[in-house]
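For ligands, and for the atoms within them, numbers begin at 1 and follow the listed sequence. Keep in mind the model is a prediction, meaning the values are calculated, not measured.
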Amino acid sequence: MNKINWNFNNTYYNLPSAFRENVKPTPVKKPKLVLFNKDLSSDLNLDFSKVSDKELSELFSGNSLPEGSNSIAQAYAGHQFGHFTMLGDGRAVLIGEHLSKDNKRYDIQFKGSGKTAFSRNGDGRAALGPMLREYIISEAMNGLKIPTTRSLAVVKTGENVIRESYLPGAILTRIASSHIRVGTFQYIAARQKNNELEILLNYVIDRHYPDIKNSKNKATELLTIVMKKQINLVVNWMRVGFIHGVMNTDNMSISGETIDYGPCAFMDEYDPKTVFSSIDQTGRYAYCNQPIITKWNLSRFAECLIPLIDENQDKAIKIATKIVDTFEKVYEDKWLDMMRDKLGLIGVDDKDKLLILDLLTWMHQKKADYTNTFCHLMNIKIKKDKSYEDQDFQNWKKRWNERLKINSNSPEKYFKLMKTVNPLVIPRNHKVEEALKAAEKMDLKPLTHLLKILKEPYTEQNDIFDYQTPSLLDRKYQTFCGT
Ligand code: AMP
Ligand code: MG
């Protein structure tokens, strides 16, 4: 399969053996390609045009591994809903790192590829529905210009997996700038071998943050930079109403990409306490808690780095705490800027925060749709909604209009700004479900159409009314862990 242009250069494989298990995907019975992301493959400088569907099925099921790959399961740990556990790739293998044309490095991972040393009691497999769901949402996130892992392909395995019932098994090919997580650091830190921790630190800096390579204290610099990346990520989630659902430390990437699409979903009606995941009983990962949890996760990351920050533990803790304690201020500034952009507010005014909070309070009280409220403010045609005739909203709009006049900004200018950050369409829960239901019966039309629309969420498109309208049935929408 030389024609594909694989350019493997596997560096994680060369790290100490404690970091991974060398393991191959378990072959599957009857692989069949379901989805393939042609655009992404060209971005990766891969050419599958001379490869038959049968060969693609063999490849993306792991039945035939490409030359140059070295498949491994990565070790990691994690705080799951606050409890520390040793984990690792229990149903995934990293087949290698591919270098694209610009020498950018990408992990190629199969998810659902069989048991590994880290499978615990699991079967190492994944069901078709959740893998297609990850494909849809991750590609939607990419369309929304939010850092994310990508999805290259989904194959059905031709085998069933046993969950509450028998479900068709599937494997997702996931592309990431790396799969190194906060939990990876936790795993190595728990082994209490500082040389291993240092190897991981240097590896991560080399791979993701080479600019800090020569800094005096690499560990503190890494903490600072990862904090910035994760704040940027969570601010983006807040911008579009995305709720990750399982922000365990093993699901927080060091590169700042959204990773592990399980019970995630997008909020319709604005309610800061929104939770979709059936297992998140206490709302630990609710919409409004996402920044707080990001800080909590970063504190766990900081703890791992303590031995590398300073030999004197007390001093190291003080340094790390000082950095993590800047979280609120950095987050608030970034969030305010993001909300200003959503409202087309150019420059800074003392009353901006109040104006923004008053709109959010109104949306919450009136159960207004988060995405569509901003569409309404941009004069984008959406389904008629009487709540926007409300007097309180009209009064708020007057204040907003006054504020827009500051700096004598023209409507062209502020609408242009708003249109870069306010999506006209998000993956509405009913549309995602509809696409998955049809795909179960191997009707992929609704899914591919949905993907097409979600590719350009900031562009006005014809006939997408249905995709912009929340379903009343989604008020009680629940998601389940994608196992
Ligand atoms: P996730 O909920 O996908 O983030 O997974 C959390 C942990 O459970 C990771 O270590 C996974 O590899 C592992 N895991 C999830 N599902 C399975 C499965 N079916 N078989 C083995 N391990 C699994
Ligand atoms: Mg995970």
Side-chain angles (χ1 to χ4, degrees), residues 19-21 23-26 28 62 71-95 107 109-135 137-138 141 148-149 151 154 157 159-176 178-188 190 230 233 243-255 257-265 276-280 284-285 293 297 300-301 479-483:
F19 286 57
R20 57 170 157 98
E21 181 212 9
V23 57
K24 288 203 165 27
T26 310
V28 302
S71 101
I72 58 172
Q74 289 176 301
Y76 54 85
H79 276 91
Q80 300 189 301
F81 287 89
H83 304 285
F84 186 73
T85 322
M86 294 307 240
L87 298 162
D89 286 333
R91 54 158 172 177
V93 289
L94 172 66
I95 66 157
D107 270 9
Q109 194 205 58
F110 293 153
K111 185 168 172 183
S113 53
K115 283 190 189 167
T116 73
F118 309 109
S119 295
R120 295 171 292 160
N121 296 321
D123 60 2
R125 293 298 189 191
L128 178 64
M131 294 306 100
L132 292 177
R133 199 164 189 283
E134 170 152 351
Y135 190 116
I137 311 283
S138 63
M141 290 295 261
T148 178
T149 62
S151 298
V154 174
T157 57
E159 297 171 7
N160 280 330
V161 295
I162 309 168
R163 297 296 180 260
E164 271 114 59
S165 58
Y166 284 98
L167 297 170
I171 296 170
L172 170 82
T173 302
R174 179 156 76 178
I175 311 296
S178 91
H179 283 84
I180 301 166
R181 309 141 193 265
V182 167
T184 314
F185 276 85
Q186 289 183 291
Y187 182 89
I188 299 300
Q230 296 202 342
L233 183 66
I243 298 156
H244 183 284
V246 251
M247 292 172 68
N248 296 333
T249 52
D250 51 303
N251 292 337
M252 299 301 287
S253 158
I254 292 298
S255 74
E257 287 174 346
T258 314
I259 189 170
D260 260 9
Y261 293 87
C264 59
F276 292 109
S277 172
S278 57
I279 57 164
D280 191 1
R284 179 180 169 93
Y285 300 135
I293 288 292
N297 289 341
R300 305 291 76 75
F301 181 49
T479 52
F480 301 90
C481 249
T483 46

- Item | Test of proximity, Leu87 against ligand 1: N or O pairs below 3.5 Å | no
- Check whether any heavy atom of Gly262 sits under 4.0 Å from an atom of ligand 1. no
- ligand 1 N/O within reach of Arg125 N/O, cut-off under 3.5 Å: yes
- Task: Measure from the Mg ion (ligand 2) to each N, O or S atom of Asn251 and report whether any distance is below 2.8 Å.
- Result: yes
- Task: Give the numbers and elements of all ligand 1 atoms closer than 4.0 Å to a heavy atom of Gln80.
- Result: 6 (C)
- Minimum heavy-atom distance between Phe84 and Ala190, given as atom pair plus value: CZ-CB, 4.4 Å
- Item | the Mg ion (ligand 2) to Asp260: nearest N/O/S atom name | OD2
- In terms of atom number and element, which parts of ligand 1 are under 4.0 angstrom from non-hydrogen atoms of Asp89? 12 (O)
- Task: Decide side-chain contact (heavy atoms from CB on, under 4.5 Å) for Val182 and Gln230; before the verdict, give the C-alpha distance in whole Å, the side-chain angles of both, and the deciding distance to 0.1 Å.
- Result: CA-CA 11 Å; Val182 167; Gln230 296 202 342; 4.2 Å; yes
- Query: Are Met131 and Ile171 close enough, and set up right, to give a side-chain contact (heavy atoms from CB on, under 4.5 Å), and what steps lead you there?
  - Reply: CA-CA 7 Å; Met131 294 306 100; Ile171 296 170; over 6 Å; no
- Query: Among Met247, Glu257, Arg181, which one satisfies side-chain contact (heavy atoms from CB on, under 4.5 Å) with Met252?
  - Reply: Met247
- Message: So, applying side-chain contact (heavy atoms from CB on, under 4.5 Å) with Tyr261, which one of Val246, Thr148, Asn251 is it?
- Response: Thr148
- Please determine if Lys111 has a nitrogen or oxygen closer than 3.5 Å to a nitrogen or oxygen of ligand 1. no
- Task: Could you list the atoms of ligand 1 found under 4.0 angstrom from a heavy atom of Gly124?
- Result: 18 (C), 19 (N), 20 (N), 21 (C)
- Query: Between Phe480 and Ser278, what is the shortest heavy-atom contact and its length?
  - Reply: CD2-OG, 3.1 Å
- Kindly determine whether Ser138 and Thr149 satisfy side chain to side chain donor-acceptor pair (under 3.5 Å), including the steps that lead there. CA-CA 7 Å; Ser138 63; Thr149 62; 5.2 Å; no
- Query: Taking non-hydrogen atoms only, is Val246 closer than 4.0 angstrom to ligand 1 via side chain, backbone, both or neither?
  - Reply: neither
- Where ligand 1 meets Arg120 - atom numbers and elements under 4.0 angstrom, heavy-atom basis: 7 (C), 8 (O), 10 (O), 13 (C)
- Could you establish whether Lys115 and ligand 1 come within less than 4.0 Å of each other, counting only heavy atoms on the residue side? no
- Backbone or side-chain N or O of Asp260 under 3.5 Å from ligand 1 N or O: yes
- Strictly under 4.0 Å, does any heavy atom of Arg163 approach an atom of ligand 1? yes
- Given that the side chain starts at C-beta and the backbone is N, CA, C, O, which of these parts of Phe118 lies under 4.0 Å from ligand 1, counting heavy atoms, or is it both or neither? neither
- Query: Taking the six-membered ring for Trp, are Phe81 and Tyr285 parallel (under 30°), tilted (30 to 60°) or perpendicular (over 60°)?
  - Reply: tilted
- Query: Would His179 and Asp89 satisfy side-chain contact (heavy atoms from CB on, under 4.5 Å), going step by step from the backbone distance to the final call?
  - Reply: CA-CA 10 Å; His179 283 84; Asp89 286 333; over 6 Å; no
- Item | Full working for side-chain contact (heavy atoms from CB on, under 4.5 Å) between Asp250 and Tyr187 | CA-CA 10 Å; Asp250 51 303; Tyr187 182 89; over 6 Å; no
- Considering only heavy atoms of Asn251, which atoms of ligand 1 have at least one such atom less than 4.0 Å away? 4 (O)
